[in-house]
Amino acid sequence: MMLSNSRMFPGQWSAGAAWQHEYLDNRSQSDVSCAGEVYHFSSPSKNRDSLGLLAGLRLSRGERYSLSLNYNGTWAGDAMAQSFDLAFVLAY
């Protein structure tokens with residue numbers, strides 16, 4: 001789901017949300033042999049559901065200058081990833 005608006009605010013904003021469910025097996029296993037030895041690896045279970053949110057704001061001064069700030073976050077059980085980015089654009 002994405003939302004955006006440019007009439008109520010002197011710039012552009014956007015927001016979005018997503019839900020993801022993993023239907024496949026949430027564990028992986030691998031057997032590796034090297035020099036006659038066999039090694040067995042098992043990954044820990046990963047979360048099957050995750051939530052993603054994003055939001056952005058862009059301010060423009062004519063067609064030459066713009067400043068934008070964006071946020072992106074993902075939550076899955078105990079795991080969390082977040083990022084921010086800030087950009088200034090000068091077109092000449």
Problem - Cluster link W13 to L59, ILVMFWY, side chain under 4.5 Å - result: yes
Handout entry: Side chain to side chain, S60 and R58, heavy atoms closer than 4.5 Å
Key = yes
Solution key, residues 80-88 side-chain donor-acceptor pairs under 3.5 Å, sequence neighbours excluded:
unit_1	atom_1	unit_2	atom_2	d
Q82	OE1	Y71	OH	2.8
D85	OD1	N70	ND2	3.1

Practice task
Would you check if R64 and L90 make a side-chain contact, meaning some heavy-atom pair closer than 4.5 Å?
Solution key: yes
Practice task
Quick one: pull up OG in S14 and CG in L57 and give me the separation to the nearest 0.5 Å.
Solution key: 8.5 Å
Handout entry: Those residues that, when tested against V32, pass side chain to side chain contact (heavy atoms under 4.5 Å, CB included) (two or more places apart)
Key = S30, F41
Fill in the blank from the handout: For T74 and S50 the tightest heavy-atom approach is CG2-CB, 4.5 Å
Exercise for the section: Name all pairs fulfilling the ring-ring contact (aromatic ring centres under 6.0 Å, His included) condition that reach into residues 48-68, sequence neighbours left out, sorted by first residue then second. Expected result: none
